[in-house]
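Side chains included, hydrogens not; waters and symmetry mates left out as well; all remaining heavy atoms used. Letters go in sequence order (proteins before strands), and every chain restarts at 1.
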Number of protein chains: 2
Amino acid sequence: MADIKAGVNQLFLREEELRTGMELLFYAYREFTAEPDEILAQIGFGRAHHRVIYFVGRYPKITVSELLAILKITKQSLSRVLGELVRQEFIQQQTGVRDRRQRLLELTDKGVELERQLSETQRQRIARAYRMAGAEAVEGFRKVMLGMMDEEDRVKFAPPAPARLAAVKR
Amino acid sequence: MADIKAGVNQLFLREEELRTGMELLFYAYREFTAEPDEILAQIGFGRAHHRVIYFVGRYPKITVSELLAILKITKQSLSRVLGELVRQEFIQQQTGVRDRRQRLLELTDKGVELERQLSETQRQRIARAYRMAGAEAVEGFRKVMLGMMDEEDRVKFAPPAPARLAAVKR
DNA sequence: CCGATCACGTCAACATGGCTGACATAAAAG
DNA sequence: CTTTTATGTCAGCCATGTTGACGTGATCGG
């Protein structure tokens, strides 16, 4: 009798806990993207532009294929936003030296400035969250987020630096 | 000299740490939504339908205004997906008794089944992440996610049950 | 060295899901 | 009885994803 009741209750708590996790993710992610979205809208860009600018800033000289592998969108979708960013001189391309088929991507000064502006609110938001939560909580956050990913993405965060570089750069 | 070097290094680590946080969020969220998206696509629905089904399942008898407040989209956007869900009998509406202007929303049996199917992969993913990370990490995850939100959303997760209900139900 | 493959780009068409603005109706509230 | 509220609806726009087809120049393998 008591056994059954406890079991049911535990099941309920588990279900509730999992739902809470889903919602934390939903609300946090939405607010995380809200502020940059506003800035982007003012200059006629969208979140897709932000993602491209972010990762080109993160990995200077990244190739188009590598960027596609990170974003997991089609080259046609990327081409649209990347083209705009290049035409408006936020990003510059240069032909690869080892492989002249490649177009290596880099932020221009203008691009660096926009990246900084866009990510600033997000960095502040994360910094605030980390500060409020404490170092131990941050480690927990990291663990849970990693557990949420498939192996493929998880390796990008492997502690030894070479592994991370290897996953994207080459 | 040593001071300056340490300071710079710490700044670098901080920047790197914040960027890592942003990326953890990006990759985890993307994979979190990938599986339901596939199922949805097969029945001609999208992520927007999932969100509606999810929150109607979460808060049975929720009103349209309350749902709008959670999703933070326009009523026209909601109307499109909600209309489809009602017409295809995943959700049923019933006129409010206290206020007959309200349309109280509830999942039908068909809706419950779809919700279960859609969220199942996500629950498993979270459960796996929680299991891998451990209870302490989960608490850290919770703290960081809450710190990421604005106060407005944070109150939805207040520990005393009445607070959470009050935020949405009434 | 030549044919296959690769990196990248482009055109066209389509779907989803946001948005604004305008207008309508029934119920509640003052 | 007038105003406000809850909901719905029509119409059109935009951003961003998709598929499919095709092209060009560079590299690679036999």
Problem set entry | Side chain of A:Lys75 (C-beta onward), nearest among C:dG9, D:dA26, C:dA27 | C:dG9

Problem set entry | Residue whose nearest DNA chain C nucleotide is more 5′ - A:Leu104 or A:Gln76 | A:Leu104

Exercise. Is any side-chain N of the basic residue among A:Arg30 and B:Asp150 closer than 4.0 Å to the acidic one's carboxylate O?
Worked result: no

Exercise. Contact class for B:Glu84 (heavy atom, under 4.0 Å): base, sugar-phosphate, or nothing?
Worked result: nothing

For this session: Using a strict 4.0 Å threshold on nitrogen-to-oxygen distance, state whether A:Lys143 and A:Glu139 make a salt bridge.
Result: no

Problem set entry | Verdict with supporting geometry, B:Gln117 and B:Glu113, side-chain hydrogen bond (donor to acceptor under 3.5 Å, both in side chains) | CA-CA 6 Å; B:Gln117 193 194 342; B:Glu113 171 54 22; over 6 Å; no

Exercise. What's the CG-C1' distance between B:Leu68 and C:dG18, to the nearest Å?
Worked result: 13 Å

Exercise. Thinking salt bridges, do B:Glu35 and B:Arg125 make one under a 4.0 Å N-O criterion?
Worked result: yes

Exercise. C:dA7 P sits how many Å from A:Lys61 NZ, rounded?
Worked result: 19 Å

For this session: Map A:Gly44 and A:Val97 onto DNA chain D by nearest heavy atom, then report which one ends up closer to the 5' terminus.
Result: A:Gly44

Exercise. Under a 4.0 Å N-O cut-off, is there an ion pair linking B:Glu16 with A:Arg58?
Worked result: yes

Exercise. Choosing from D:dG8, C:dC19, C:dC8, which nucleotide comes nearest the side chain of B:Ser77?
Worked result: C:dC19

Exercise. Quick one: B:Ile73 CD1 to C:dT20 P, roughly how many Å, whole number?
Worked result: 12 Å

Exercise. Do B:Arg101 and D:dT5 have a side chain to base donor-acceptor pair shorter than 3.5 Å?
Worked result: yes

For this session: Return no unless some side-chain N or O of B:Gln102 is found under 4.0 Å from OP1 or OP2 of C:dA26.
Result: no

Problem set entry | Distance test, side-chain N/O of B:Arg103 to OP1/OP2 of C:dT25, below 4.0 Å | no

Exercise. Think B:Ser79 has a side-chain N or O under 4.0 angstrom from the OP1 or OP2 of D:dT9?
Worked result: yes

Exercise. Which one, C:dG18, C:dA27, C:dT5, comes nearest to the side chain of B:Arg100?
Worked result: C:dA27

Seminar exercise, completed: When rounded to whole Å, the CG to C1' distance for the pair B:Leu40 and C:dA15 reads 14 Å

Exercise. Can you check whether B:Arg80 has a side-chain N or O nearer than 4.0 Å to OP1 or OP2 of D:dG12?
Worked result: no

For this session: Looking only at side-chain atoms of A:Asp99, point me to the closest of C:dC8, C:dA28, C:dA7.
Result: C:dA7

Exercise. Which is true for A:Arg47 with a 4.0 Å heavy-atom rule: it touches a base, it touches only sugar-phosphate, or it touches nothing?
Worked result: sugar-phosphate

